[in-house]
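Have a look at the structure below before the remarks.
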Amino acid sequence: MSSDQKSLKQIIDHRIEKLNKIIDGGINPYPHSFDKKNEISTYKNESSIGKSVKTAGRIVSLRKMGKASFLNIQDESGKIQIYLKNNLLPENNYDIVGRNIDLGDIVGVTGEIFKTKTDEISIRASEITMLSKNIRPLPNLKEKDGKAFNSFEDKELRYRHRELDLIVNPEIISTFRLRSKIISETRKFLDNNGFLEVDTPVLQSVYGGANARPFNTFHNTLDQNLFMRIAVELYLKRLIIGGIEKVYELGKNFRNEGMDRNHNPEFTMLEIYEAYKDVYQTAEFTEKLIKYVANKIDKEDVLFGGNDISFKKPFLKTTMAEELLKATGLNVLEMDESELFNLAKSKNVDVNPKMNYGKLLDELFSKLVEPTLIQPTFVFDYPKAISPLAKSKRDGNENIVERFELFIGGMEFANAFSELNDPIEQRKRLEAQAKLRDLGDDEAQIVDENFLQAIETGMPPTGGVGIGIDRLIMLLTGENSIKDVIFFPAMRPE
RNA sequence: GACCCGAUAGCUCAGCAGGUAGAGCAACGGCCUUUUAAGCCGUGGGUCGAGCGUUCGAGCCGCUCUCGGGUCACCA
């Protein structure tokens, strides 16, 4: 034991002493169940005075005064004050349990609602039951009228010990309740529209469907390296080929890349594919989905990153070239690689000579345009060079594909294509990616022979979209860090 | 990966040209049968993130490292 834990050890030792006193008194400090009949807040009102209650929760404040004590217990519904008085409790109940309770214990309380002389609705206990003795102290939980005094604020500790965060800062639960609701409403919308939810492999021998570096793992019995999936796209297309015309998967992807406010190495992604649709119909459907969810959780107007964002109006529609024209006064579609390169240089966009036409455009766009896209905006018409799974534009422009990305608050939320279903073309595109990989682009995609063979079987025209669910949750809850919408965000080991 | 900021008691924080630590709460003890931010009174608790250096002397100055926060890069 390091000496910086001396004081903590003292506290723990004292609590264990109390624990033993309870055991010596013939009471099990960790009983197997408790018949909790009421949530704490159920009867916390004037009209319930006199009612009998049986509830349970964690002690979050405590004032012992000899033969009487006041404590506040908390559950998910709220807090209530408990009044313990020696002569109102069964024999020895106060001496064995009441005198040995601490902040952080979980107790059951039987009693009656009453009002103290300072007008606080409380429970006058007729019995207190120890349900779980705390032996490790909680952070301070002082608060009054919703204002915290000594609180638990260290973000690192809060993320690493989320259970403490939930106890001390219970208001964060509302974000996670919304998270759950957003996900369930998303499923409901898709299910009601006839989509089938599926599960496809997380462990894959070939990864694909996005440009990203994967996590590696190993299967002992197969004696084989495996990758954690970076997308579900290729598998869902195989299901489309198999005849499941409306399909989606909502689950975790894993990308081996940097972490910041908008990125966690494992994150929740929704991918939706519908046969016989194109990217424009997919955009309409995406808009409907997001508006449906926003409406269901009553967040049609949100404040996100300092901007008021509304989901009531139609989403804006534009193209990459149109926005770049606005930003630079130049028509990028008429420029070649070196002209684009010079343009990027002149705008102080960080580019290097290795970048191709598509990457240069993408770089220009993300620096000059993305931050300005605040209200929900579909951006169409992306360069083919950075879209190996998307179909060429039907107007014959060989450099552009049918793709959109959806931006809100300057951040990307969705990515969608008219899915490429020409097997010859798809093979060429993936082989081109393989060349990039050979040239050192370790985020270029891999030739997935199983996928290519499936496409050769014949895939119907298909519209597909991927939506970043954690980001959608950030947007709808107004949280500015992905760490605040994930219970246990990735952290370095302590 | 780069830069900036941070790390002092269980929690929240203070500390000073550099003179080997302080408050509140928590904890413990006493009083105490209705308190309201923590009832009242008292007591204990720290190798100041880790290491190295400068110095008679380092929580404080310098360097290195670890972890976190932020900005950027990378990336959706």
Side-chain angles (χ1 to χ4, degrees), chain A residues 2-15 17-18 60-72 81-89 94 98 102-104 114-120 122 124 134-161 164 167-169 210-213 230-231 253 255-265 267 269 349-350 352 359 362-363 366-367 370 386 405-407 410-415 441-443 466-468 470-471 480-483 489 491-494:
Chain A
S2 73
S3 50
D4 64 350
Q5 290 178 331
K6 203 184 283 174
S7 136
L8 175 60
K9 188 181 182 306
Q10 272 181 1
I11 295 174
I12 290 174
D13 286 346
H14 285 133
R15 300 225 166 154
E17 277 173 32
K18 289 184 192 167
V60 292
S61 71
L62 178 58
R63 299 173 289 282
K64 293 188 195 176
M65 291 170 293
K67 292 175 181 165
S69 298
F70 288 87
L71 47 142
N72 287 71
Q81 177 169 271
I82 310 295
Y83 175 50
L84 292 184
K85 194 173 165 191
N86 187 22
N87 61 11
L88 296 178
L89 297 170
Y94 193 84
D102 283 300
L103 285 176
F114 81 117
K115 194 152 86 170
T116 65
K117 70 183 184 188
T118 51
D119 279 347
E120 178 162 347
S122 305
R124 184 189 289 116
N134 165 295
I135 59 169
R136 181 173 292 273
L138 297 173
N140 280 350
L141 330 112
K142 303 298 174 194
E143 64 126 355
K144 168 75 171 175
D145 301 329
K147 185 185 167 199
F149 288 87
N150 292 315
S151 190
F152 184 53
E153 291 166 358
D154 185 307
K155 288 221 165 182
E156 177 174 357
L157 289 176
R158 292 178 60 190
Y159 295 143
R160 288 188 195 278
H161 300 282
L164 296 178
I167 294 165
V168 180
N169 302 310
N211 293 65
R213 280 175 293 171
I230 58 171
N253 284 346
R255 297 188 184 176
N256 210 336
E257 55 197 31
M259 298 147 61
D260 61 26
R261 181 153 40 109
N262 301 320
H263 296 83
N264 196 60
F267 62 100
M269 177 87 142
V349 176
D350 186 27
N352 65 63
K359 289 220 163 153
D362 196 39
E363 200 58 35
S366 57
K367 290 298 175 303
E370 281 184 21
I386 56 168
E405 293 192 337
L406 172 62
F407 293 89
M411 189 160 132
E412 186 207 330
F413 282 84
N415 180 23
D441 181 353
D442 56 3
E443 277 149 14
I467 299 173
D470 303 290
R471 289 182 179 184
N480 288 312
S481 170
I482 199 168
K483 287 187 162 75
M491 303 285 278
R492 283 198 164 81
E494 282 176 276

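Basis for what follows: all heavy atoms, side chains included, without hydrogens, waters or symmetry-related copies. Convention: sequence-line order gives letters A, B, ...; per-chain numbering from 1.
Candidate nucleotides B:U33, B:C11, B:G69 were compared by shortest atom distance to the side chain of A:K483, and B:G69 ranks first. Side-chain atoms of A:D154 lie closest to B:U12 of the nucleotides B:A26, B:U12, B:G69. Between B:C74, B:G45, B:U34, one nucleotide has an atom nearer to the side chain of A:Q10 than all others, and that is B:G45. Distances were taken from every side-chain heavy atom of A:I11 (C-beta onward) to each of B:C11, B:A27, B:G44; the shortest belongs to B:A27.
With a 3.5 Å ceiling on both atom-pair distances, B:A58 lacks any Watson-Crick or G-U wobble partner. Checking B:G6 for Watson-Crick or G-U wobble geometry (two distances, each under 3.5 Å) identifies B:C67 as its partner. Under the Watson-Crick or G-U wobble criterion, with both distances below 3.5 Å, B:A73 has no partner in any strand shown. Across all strands shown, B:C28 forms a Watson-Crick or G-U wobble pair, both distances under 3.5 Å, with B:G42. Taking a pair to require two hydrogen-bonding distances under 3.5 Å in either a Watson-Crick or a G-U wobble arrangement, B:U34 remains unpaired. Nucleotide B:C48 forms a pair with no other nucleotide shown, judged by Watson-Crick or G-U wobble geometry with both contacts under 3.5 Å. The partner of B:U12, taking Watson-Crick or G-U wobble pairs whose two distances both stay under 3.5 Å, is B:A23.
Between the CD atom of A:E370 and the C1' atom of B:A73 there is a distance of 15 Å, given to the nearest Å. Distance, A:N134 CG to B:G10 P: 15 Å, rounded to whole Å. Here B:C74 presents its C1' atom at 10 Å from CG of A:D442, a figure rounded to the nearest Å. Rounded to whole angstrom, the span from the CG atom of A:D362 across to the P atom of B:C74 amounts to 10 Å. The distance between atom CG of A:L71 and atom P of B:U34, rounded to the nearest whole Å, is 15 Å. When rounded to the nearest whole Å, the span between CD1 of A:I482 and C1' of B:G70 equals 17 Å. Taking atom CD of A:E156 as the reference point, atom P of B:C5 lies 19 Å away to the nearest angstrom. In this structure, CG of A:D102 is placed 7 Å from P of B:A27, rounded to the nearest angstrom.
Judged by distance alone, the side chain of A:Y159 and the main-chain N or O of A:D154 form no donor-acceptor pair under 3.5 Å. Although no hydrogens or angles enter the test, the distance criterion places no donor-acceptor pair under 3.5 Å between the side chain of A:S366 and the main chain of A:E370. Side-chain atoms of A:R255 come within 3.5 Å of backbone atoms of A:I230 as a donor-acceptor pair (strictly under, hydrogens ignored). In terms of modelled atom types and a separation under 3.5 Å, the side chain of A:D442 and the main chain of A:R213 share no donor-acceptor contact.
Ion pairing between a basic and an acidic side chain is recognised when a charged N comes within 4.0 Å of a carboxylate O; A:K359 and A:E363 show no such pairing.
Distances shown here put a side-chain N or O of A:R261 below 4.0 Å from the OP1 or OP2 atom of B:U71. Phosphate proximity of B:C32 to A:K67: absent, as no side-chain N or O sits under 4.0 Å from OP1 or OP2. The phosphate of B:G68 (OP1 or OP2) has a side-chain N or O of A:R492 nearer than 4.0 angstrom. The shortest distance between the side-chain N/O atoms of A:K9 and the OP1/OP2 oxygens of B:A27 is not below 4.0 Å. The phosphate of B:A73 (OP1 or OP2) has a side-chain N or O of A:K367 nearer than 4.0 angstrom. One finds a side-chain N or O of A:R160 lying less than 4.0 angstrom from the OP1 or OP2 phosphate oxygen of B:G68.
For B:C31 and B:G22, the C1' atoms lie 28 Å apart once the distance is rounded to whole Å. With both ends at atom P, the span from B:A14 to B:G53 equals 30 Å, rounded to whole Å. Taking atom P in both B:U12 and B:A17, the straight-line distance is 27 Å, to the nearest Å. Rounded to whole Å, the P atom of B:G24 lies 39 Å from the corresponding atom of B:U64. The separation of B:G29 from B:U34, taken at their C1' atoms, amounts to 24 Å, rounded to a whole angstrom. With P as the reference atom, B:G46 and B:C11 are 14 Å apart, rounded to whole Å. A distance of about 24 Å separates the P atoms of B:C67 and B:C75, rounded to the whole Å. Rounded to whole Å, the C1' atom of B:C52 lies 16 Å from the corresponding atom of B:U47.
Using a 4.5 Å heavy-atom cutoff, the side chains of A:L164 and A:R158 are not in contact.
Each of A:K115 and A:L138 has a nearest nucleotide on RNA chain B; the 5'-most of these lies closest to A:L138. Projected onto RNA chain B by closest heavy-atom contact, A:T116 and A:M65 fall at different nucleotides, the more 5' of which corresponds to A:M65.
Counting non-hydrogen atoms under 4.0 angstrom, A:L157 reaches the backbone sugars and phosphates but no base. Contact annotation for A:N87: base contact, defined as any heavy-atom pair under 4.0 Å involving a base atom. At the heavy-atom level, A:R136 lies nowhere under 4.0 Å from the strands shown. No contact: A:E17 has no heavy atom under 4.0 Å from any strand. Contacts of A:Y159 with the nucleic acid, taken as non-hydrogen atoms under 4.0 Å apart, involve only primed sugar atoms and P, OP1 or OP2. Backbone-only contact: A:M491 has heavy atoms under 4.0 Å from sugar-phosphate atoms and none from a base. A:Y94 comes within 4.0 angstrom of nothing in the nucleic acid, heavy atoms only. Within 4.0 Å of A:L103, counting heavy atoms only, lie sugar-phosphate atoms of the nucleic acid but no base atom. Residue A:E257 is in sugar-phosphate contact alone, with no base atom involved, counting any heavy-atom pair closer than 4.0 Å across all strands shown. If you check every strand for non-hydrogen atoms under 4.0 Å, A:R63 touches a base. In this structure, A:H263 reaches the bases: a heavy-atom distance under 4.0 Å links it to at least one base atom across the strands shown. Residue A:Q81 is in base contact, counting any heavy-atom pair closer than 4.0 Å across all strands shown.
In this structure, CG on A:D102 lies 5.5 Å from NZ on A:K64, to the nearest 0.5 angstrom. Taken from CD in A:E156 to NZ in A:K483, the straight-line distance is 10.5 Å, to the nearest 0.5 Å.
What you find for A:T116 and A:S122 is that their closest heavy atoms are CG2-OG, 3.4 Å.
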### Residues A:R471, A:N262; criterion side chain to side chain donor-acceptor pair (under 3.5 Å); working and verdict
CA-CA 7 Å; A:R471 289 182 179 184; A:N262 301 320; 5.3 Å; no
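A donor-acceptor contact under 3.5 Å is formed by the side chain of A:K85 with the base of B:U33.
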